[in-house]
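One structure is given here, and the rest of the page talks about it.
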2 protein chains.
Amino acid sequence: MKDVAARAGVGLKTVSRVVNGEAGVSPDTERRVQESITALGFRRNDSARILRKGRTASIGLVLEDLADPFYAPLSRAVEEVARAHGALLINGSSAEDPAREQELVLALCARRVDGLVIVPASGDHRYLEPEIAAGVATVFVDRPPGHIEADQVLADSFAGARDGVAHLIAHGHRRIGFIGDRPGIHTAHERQRGYLAAMEAAQLPVHDGWVAAGTTDPERVRADAERMLSGPDGVTAFFAGNNRVTVTLVRVLAELDRPVALVGFDDFELADLLVPPVTVVAQDPAQLGRTAAGLLFRRLEGANDPPRRMTHPTRLIARGSGELPPAT
Amino acid sequence: MKDVAARAGVGLKTVSRVVNGEAGVSPDTERRVQESITALGFRRNDSARILRKGRTASIGLVLEDLADPFYAPLSRAVEEVARAHGALLINGSSAEDPAREQELVLALCARRVDGLVIVPASGDHRYLEPEIAAGVATVFVDRPPGHIEADQVLADSFAGARDGVAHLIAHGHRRIGFIGDRPGIHTAHERQRGYLAAMEAAQLPVHDGWVAAGTTDPERVRADAERMLSGPDGVTAFFAGNNRVTVTLVRVLAELDRPVALVGFDDFELADLLVPPVTVVAQDPAQLGRTAAGLLFRRLEGANDPPRRMTHPTRLIARGSGELPPAT
DNA sequence: ACCAGTCTGGACAACGTTGTCAAGTAGCGC
DNA sequence: GCGCTACTTGACAACGTTGTCCAGACTGGT
């Protein structure tokens, strides 16, 4: 910028004015400055600008895995909202590791992002208190924060799972297995609660072995499913706690010689083309992302009402696999 | 930092030393400084640090759509490599719009990212010349840059498509349709070339109507496919130019009363569970991302040999849909 | 007691930008 | 010609950090 000013024979501030399109520069001067800018290939250094202005026009997004088909649309939606507000998106995957989440979040804060959208991997976010106090707007999405108050955007996991299981019960199933993620994860816990609530509402007993909530590792899921299916009292239907479990179960069930009903939490591409087409409890990840980012920018624009929790309903999409009757 | 120094009763530079773990601070002083840091909730301002040091420890990734199942793993792979080098990832989606690509790239350059990984949407990257001259390492992935020399990491679209079509021919097909993306996109063009090369190698004529290369819009693809299938000389097999086309074709073919063979470029989740399972020419997007990011950091570490093009082979995965014989 | 060498700590400038403020110039009505 | 306003312009400080350089205190050997 100094060079541009020197070449155009004007002051530093005048160049700054031209670069930022501020008023109060004569057309003649402006032309000279523009000429110098292109001649020297000058591009404003936003690091310095950020330092001076205190706003970075960038927001951070921390989620579990950028490549997960559930989170990718969420990420894209946040990006679109950010773009509409002239902000860039810095994102990182926590890989479901609390330490890595914290490391990422603090790195983003050190970069002075204006705001954060977080899909929590950890259960304790008190480490964020000083940052929030320092003015970093923060919105949690998909799962609530731990031990702090903050905006949060969630899907109604409990009701979704309850309705999904009730759907199976309505189609005649009495012995239904639940396979989900670690109950330490809020959504996983809620879905398991939903499963239990539906069973209880129908006055159905829940056998100990019918609930598996550990990992989503395909091998483990497969083993759990096969265990639940075995014996004369094996389950006749499954409720899957998330899309990864659902996909694994589809594979397991495809190898059986009898039909077993399946309802999965989370919709996924091609679910309608499988045989049978998979019935799911769908949430809209892009919608979650849009809402969260919207909330974030509302804060950045000055809204300071108390933190709110927004819950999005889920939608049951019956496609076939959830309507299979129990095999005798 | 000033406050921390005041509270600990030391100089500014001493705090800086403690924060950066530099040597030359007595344990006693260090303790006092640490205490002040936590008491005041101080966090280093990386904007200022960046301004001073000239390195941002962040890289930019611009691709077509973060949420596309093909690009999401690529993005994740780049992130992992960046993380291993202590860098953050800023990314944006170009939505296949050259203007938006340029806008994003220049915004990233203004932020002084150390390097760029780009999946080009535009065919002309001369706008990057001043940036590259200024030292921004740049690697193009999936598609080559336009009108400039730079590192590039590509999959072998031509050979992949040629082999995929040859596979169909080997299974007895003579009338094969090709549906792909705009030939303005390098990969799309290469795949179309591969299709034509395979047909020519087998001395098979290519009817005008058998090649549709416009959009990947499902409605258009459906219409094109139905046109190619109609009449006594309709095609008996399709080669799909990318995963979106493949998925649309799966839907179209599922509605037919006769089997039509299909080989698609790009693998996708659940391809093996469809009926029939879909034969694909697979490339590994994560591998592309890893290689590109690796190349980028090699440059950042000082390598300055001439730009290189790395081509990754594709792999044909026969699953069933590509081995169907021609319907009579 | 003195010197050389080592260790610790701080003053200061610089990174590239923008906000503040004041100075300079031109135009205008009287 | 005078005083006024309106407009254009530039000098300077500041944002928060780090690199350079120097000063002072301490150590141990003579």
Side-chain angles (χ1 to χ4, degrees), chain A residues 1-34 36-37 40-58 86 106-114 130-131 134-136, chain B residues 1-37 40-58 106-114 130-131 134-136:
Chain A
M1 190 139 143
K2 212 167 39 184
D3 301 338
V4 175
R7 188 178 203 278
V10 301
L12 220 47
K13 180 65 210 194
T14 302
V15 179
S16 172
R17 272 192 267 260
V18 172
V19 170
N20 294 299
E22 288 171 38
V25 179
S26 71
D28 185 48
T29 314
E30 168 154 8
R31 210 171 25 70
R32 273 211 329 284
V33 172
Q34 285 292 8
S36 296
I37 286 178
L40 296 172
F42 167 82
R43 206 90 66 187
R44 180 177 63 199
N45 183 331
D46 273 356
S47 300
R49 171 171 232 256
I50 285 166
L51 176 61
R52 188 66 230 265
K53 307 204 83 155
R55 279 272 161 136
T56 58
S58 51
L106 293 182
L108 292 169
C109 289
R111 296 293 173 99
R112 294 293 188 274
V113 292
D114 295 336
E131 310 298 340
V136 181
Chain B
M1 189 136 144
K2 212 167 40 185
D3 301 338
V4 175
R7 188 177 204 278
V10 300
L12 219 47
K13 181 64 209 197
T14 301
V15 179
S16 173
R17 272 192 268 262
V18 172
V19 170
N20 294 299
E22 287 173 38
V25 180
S26 70
D28 187 49
T29 313
E30 168 153 8
R31 210 171 26 71
R32 275 208 330 282
V33 172
Q34 284 293 6
E35 191 272 335
S36 297
I37 287 178
L40 295 172
F42 166 81
R43 206 90 64 187
R44 181 178 61 200
N45 183 329
D46 273 355
S47 301
R49 172 171 231 256
I50 285 165
L51 176 60
R52 188 64 232 265
K53 308 204 81 154
R55 278 273 160 136
T56 58
S58 51
L106 293 181
L108 292 169
C109 289
R111 296 293 173 101
R112 293 294 189 273
V113 291
D114 295 335
E131 311 297 341
V136 181

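In this entry the distance linking CG of Leu12(B) with C1' of dT8(C) reads 16 Å, nearest Å. Here the P atom of nucleotide dT17(D) and the CZ atom of Arg43(B) are 13 Å apart, to the nearest Å. Rounded to an integer number of Å, the gap from Asp46(B) CG to dC15(C) P is 20 Å. Separating the CG atom of Asp28(A) from the P atom of dT8(D) is a distance of 12 Å, rounded to the nearest angstrom. As a whole-Å value, the separation of Glu30(B) CD from dT8(C) C1' is 13 Å. Between Arg55(B) atom CZ and dT18(D) atom P the separation is 17 Å, expressed in whole Å. Remark: C1' of dC15(D) and NZ of Lys2(B) are 9 Å apart, rounded to the nearest angstrom. In this structure, Leu40(B) places its CG atom 14 Å from P of dG16(D), rounding to the nearest Å.
Counting any heavy atom pair closer than 4.0 Å across all strands shown, Val10(B) reaches sugar-phosphate atoms only and no base atom. Across all strands shown, Ser47(B) has no heavy atoms under 4.0 Å from either base or sugar-phosphate atoms. Within 4.0 Å (heavy atoms only), Ile50(B) reaches no atom of the nucleic acid at all.
Considering only residues two or more places apart in sequence or on other chains, Arg49(B) meets the side-chain hydrogen bond (donor to acceptor under 3.5 Å, both in side chains) condition with Asn20(B). Remark: Glu35(B) engages Arg7(B) in a side-chain hydrogen bond (donor to acceptor under 3.5 Å, both in side chains) (not counting sequence neighbours). In terms of the side chain to side chain contact (heavy atoms under 4.5 Å, CB included) criterion, residue partners of Arg31(A) (sequence neighbours excluded) are, by chain and number, Asp28(A). The side-chain hydrogen bond (donor to acceptor under 3.5 Å, both in side chains) test applied to Thr14(B) returns no partner, not counting sequence neighbours. Under the side chain to side chain contact (heavy atoms under 4.5 Å, CB included) criterion, Ala107(B) pairs with Leu88(A), not counting sequence neighbours. Shown here are the side-chain hydrogen bond (donor to acceptor under 3.5 Å, both in side chains) partners of Ser47(B), two or more places apart in sequence or in another chain: Asn45(B).
Contact between the side-chain N/O atoms of Ser26(B) and the OP1/OP2 oxygens of dG9(C) is found at a separation under 4.0 Å. OP1 or OP2 of dT18(D) sits under 4.0 Å from a side-chain N or O of Ser16(B). Between dT8(C) and Thr29(B), no contact under 4.0 Å exists linking OP1 or OP2 to a side-chain N or O.
Listed by first and then second residue, the salt bridge (charged side-chain N to carboxylate O under 4.0 Å, His left out) pairs involving residues 8-27 of chain B amount to none (not counting sequence neighbours).
Thr56(B) places a side-chain N or O within donor-acceptor distance of the main-chain N or O of Arg112(B), the cut-off being under 3.5 Å. The backbone N or O of Leu12(B) sits nowhere less than 3.5 Å from a side-chain atom of Ser16(B) that would complete a donor-acceptor pair.
Where Asn20(A) and Gly11(B) meet DNA chain C, the nucleotide closest to each residue was compared, and Gly11(B) sits on the side nearer the 5' end. Comparing Thr14(B) and Met1(A) by the nucleotide of DNA chain C that holds the closest heavy atom to each, the one mapping nearer the 5' end is Thr14(B).
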Measure all distances between protein nitrogen or oxygen atoms and nitrogen or oxygen atoms of nucleotides 19-22 of chain D, and list the pairs falling under 3.5 Å.
residue: dG19(D); atom: OP1; partner: Lys53(B); partner atom: NZ; Å: 3.3
residue: dG19(D); atom: N7; partner: Lys13(B); partner atom: NZ; Å: 2.8

Between the protein and nucleotides 22-25 of chain C, list every N/O to N/O distance that falls short of 3.5 Å.
none

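Nearest approach of Arg111(B) to Ala57(A), heavy atoms of both residues: NH2-O, 3.1 Å.
Side-chain proximity of Leu51(A) to dG16(C), dT17(D), dT17(C): nearest is dG16(C).
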